[in-house]
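Quick caveat, the model's predicted, so the values are computed rather than measured. Proteins get letters first, then strands, A, B, ... in listed order; numbering begins at 1 in each.
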There are 2 protein chains.
Amino acid sequence: MMQSKINQFVQDCKDKGLNVTFQRMAIYKRLLNRLDHPTAEDLYQEVIKEYPMISRATVYKNLETLFEHNLIAKVTHLHDAARYDGKQEHHHHLVCVRCKAIFDIQSERLDNLQLPNEIDPTFKVYDYRIQFDGLCQKCQS
Amino acid sequence: MMQSKINQFVQDCKDKGLNVTFQRMAIYKRLLNRLDHPTAEDLYQEVIKEYPMISRATVYKNLETLFEHNLIAKVTHLHDAARYDGKQEHHHHLVCVRCKAIFDIQSERLDNLQLPNEIDPTFKVYDYRIQFDGLCQKCQS
DNA sequence: TTGGATGCAAATACTTTGCACACGG
DNA sequence: CCGTGTGCAAAGTATTTGCATCCAA
């Protein structure tokens, strides 16, 4: 199963014109092994244990490259800076993944979702928010 | 309408033992005026136009304080660093707002939500993700 | 009066960049 | 061989912190 993902990855890289380097493989394999959602620094710390000669910049650059080519995902597109909101009403967000603009959506239907029973009962959910990712009109060109 | 929010804010501060300072009012008022979701730096740049003597640290500290007391909201709890994910399957996230741990949820029902028609049709949505905010077992104490 | 708030500057955390060199295809 | 990738160090951006002083209640 792991092996098939690796093979797929190598093929995907080739298809997208990305060189299959030693470093790239090491980073990707580490990311696959992690079930949480590590930061670039986390992964750097992992990889460096095995390959002490790797550069931090290589890890950062690779993660961004792989993300841009849709080979891995980013949990949030809004990590660059904290964003604050004075609005008290419950609402959801439309996020332009290119320019990072955020638009509000109010929708009674979306506010009343039934929580899925897949959620671990020991986790206390007190709210939820839906983030729609896409492109605003300006960024569609 | 604006005035009533200000009055409410003053009352809330008193209730929570927060001093009502000149700086705090200026920051909060600016945030209320903005319909987008500004960063601390954005707000600092706004406030400083009117009150050139205010300190950047005061703006940052106030936003965090107000957030901790639930007087304003933060669009994301995961802004500290980019988080990557090797998993290809579509899924949603359970986020512990205290320790920032992220747990995955897979749910067919949640994957097939009907998009609300409140969404501006010029915005191209290509995906959505639900983030459930709460506290993990460890952080509930 | 007193605990919380402010201001400043320094420190820290995360990330990007420029450039010379190395390497995969 | 060519274009992409790597490594290093420096720079950039976002944020926090320590501490002396100040001020709202």
Side-chain angles (χ1 to χ4, degrees), chain A residues 6 9-31 37-48 50-69 71-72 74-84 100, chain B residues 6 9-30 37-48 50-69 71-72 74-84 99-100:
Chain A
I6 299 289
F9 179 69
V10 172
Q11 191 53 52
D12 287 344
C13 282
K14 288 183 180 167
D15 291 349
K16 310 212 174 197
L18 296 176
N19 289 349
V20 180
T21 66
F22 194 84
Q23 290 88 334
R24 183 159 288 158
M25 291 302 296
I27 295 163
Y28 182 71
K29 282 179 70 171
R30 281 294 179 174
L31 179 57
H37 302 73
T39 65
E41 185 66 21
D42 290 339
L43 286 168
Y44 170 64
Q45 293 302 336
E46 282 233 350
V47 175
I48 207 178
E50 229 178 318
Y51 307 107
M53 70 296 283
I54 202 170
S55 160
R56 175 180 274 110
T58 297
V59 176
Y60 276 85
K61 283 175 184 167
N62 261 292
L63 290 170
E64 271 311 291
T65 302
L66 296 181
F67 168 66
E68 281 161 12
H69 288 82
L71 297 180
I72 64 174
K74 229 190 241 187
V75 172
T76 172
H77 298 281
L78 298 171
H79 60 286
D80 47 332
R83 305 284 203 104
Y84 296 92
K100 310 282 172 71
Chain B
I6 300 290
F9 179 68
V10 171
Q11 191 54 51
D12 287 344
C13 282
K14 288 182 180 168
D15 291 349
K16 309 211 176 199
L18 297 175
N19 289 349
V20 180
T21 66
F22 194 86
Q23 290 89 336
R24 182 159 289 158
M25 290 302 297
I27 294 163
Y28 182 71
K29 283 178 69 172
R30 282 294 180 175
H37 302 71
T39 65
E41 184 66 22
D42 290 339
L43 286 168
Y44 171 63
Q45 293 302 337
E46 283 233 350
V47 175
I48 207 176
E50 229 179 316
Y51 307 107
M53 71 297 284
I54 202 170
S55 160
R56 176 180 275 109
T58 298
V59 176
Y60 276 86
K61 282 175 184 166
N62 261 293
L63 290 170
E64 271 309 292
T65 302
L66 297 180
F67 167 66
E68 280 162 13
H69 288 82
L71 298 181
I72 64 175
K74 230 190 239 185
V75 172
T76 170
H77 298 282
L78 298 171
H79 60 284
D80 47 332
R83 306 284 203 104
Y84 297 92
C99 70
K100 309 284 171 69

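Across the protein-nucleic acid pair, A/R24 atom CZ and D/dT4 atom C1' stand 8 Å apart, rounded to whole Å. Residue B/M25 contributes atom CE, which lies 14 Å from atom C1' of D/dA24 at whole-angstrom precision. Rounded to whole angstrom, the span from the CD1 atom of B/I48 across to the P atom of C/dT6 amounts to 15 Å. For the pair A/L63 CG and D/dG5 C1', the computed distance is 14 Å after rounding to whole Å. Atom CG in B/L66 sits roughly 12 Å away from atom C1' in C/dA5 (whole-Å rounding). D/dC23 atom C1' lies 16 Å from atom CE of B/M53, rounded to whole Å. Rounded to an integer number of Å, the gap from CD of B/E68 to P of C/dG4 is 13 Å. Atoms NZ (A/K74) and P (C/dC14) sit 15 Å apart, rounded to a whole Å.
In this structure, A/V47 and A/K29 have side chains that are not in contact, with every pair of non-hydrogen atoms separated by 4.5 Å or more.
Sorted by first and then second residue, the salt bridge (Lys or Arg N to Asp or Glu O under 4.0 Å) pairs with a member in residues 13-26 of chain B form an empty list; sequence neighbours excluded.
Remark: A/Q23 is in phosphate contact with D/dG7, judged by side-chain N or O atoms under 4.0 Å from OP1 or OP2.
Outside the 6.0 Å centre-distance limit, the rings of A/H79 and B/Y84 are not counted as a close aromatic pair.
Note: A/Y44 OH to A/I27 CD1 = 11.0 Å, rounded to the nearest 0.5 Å. Within the model, atoms CG of A/L78 and NZ of A/K100 stand 7.0 Å from one another, a figure rounded to the nearest 0.5 Å. To the nearest 0.5 Å, atoms CD (B/Q45) and OG1 (B/T39) are separated by 9.0 Å.
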Within the 4.0 Å limit for protein heavy atoms, which parts of nucleotides 14-19 of chain D are touched? Write it as a string from 5' to 3', B for base, S for sugar-phosphate only, - for none. SBBBB-
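With sequence neighbours excluded, no residue forms a side chain to side chain donor-acceptor pair (under 3.5 Å) with B/D80. For A/E46, the salt bridge (charged side-chain N to carboxylate O under 4.0 Å, His left out) test picks out A/R30, A/R34, with sequence neighbours left out.
Inter-axis angle, ends of the helix from C/dT1-D/dA25 to C/dG25-D/dC1, five pairs per end, rounded to 10 degrees: 50°.
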Take A/R56 and A/I48 through the side-chain contact (heavy atoms from CB on, under 4.5 Å) test and state the conclusion after the steps. CA-CA 9 Å; A/R56 175 180 274 110; A/I48 207 178; over 6 Å; no
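The aromatic rings of A/Y28 and A/F9 lie parallel to each other, with less than 30° between the two planes, well short of the 60° mark.
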Atom pairs under 3.5 Å: protein N/O with N/O of nucleotides 23-25 of chain C:
| residue | atom | partner | partner atom | Å |
| --- | --- | --- | --- | --- |
| C/dG25 | OP1 | A/V20 | N | 3.3 |

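In this model, no donor atom of one side chain and acceptor atom of the other lie less than 3.5 Å apart for A/T65 and A/N62.
For the pair B/G17 and B/I54, both in contact range of DNA chain C, the more 5′-proximal nearest nucleotide belongs to B/G17.
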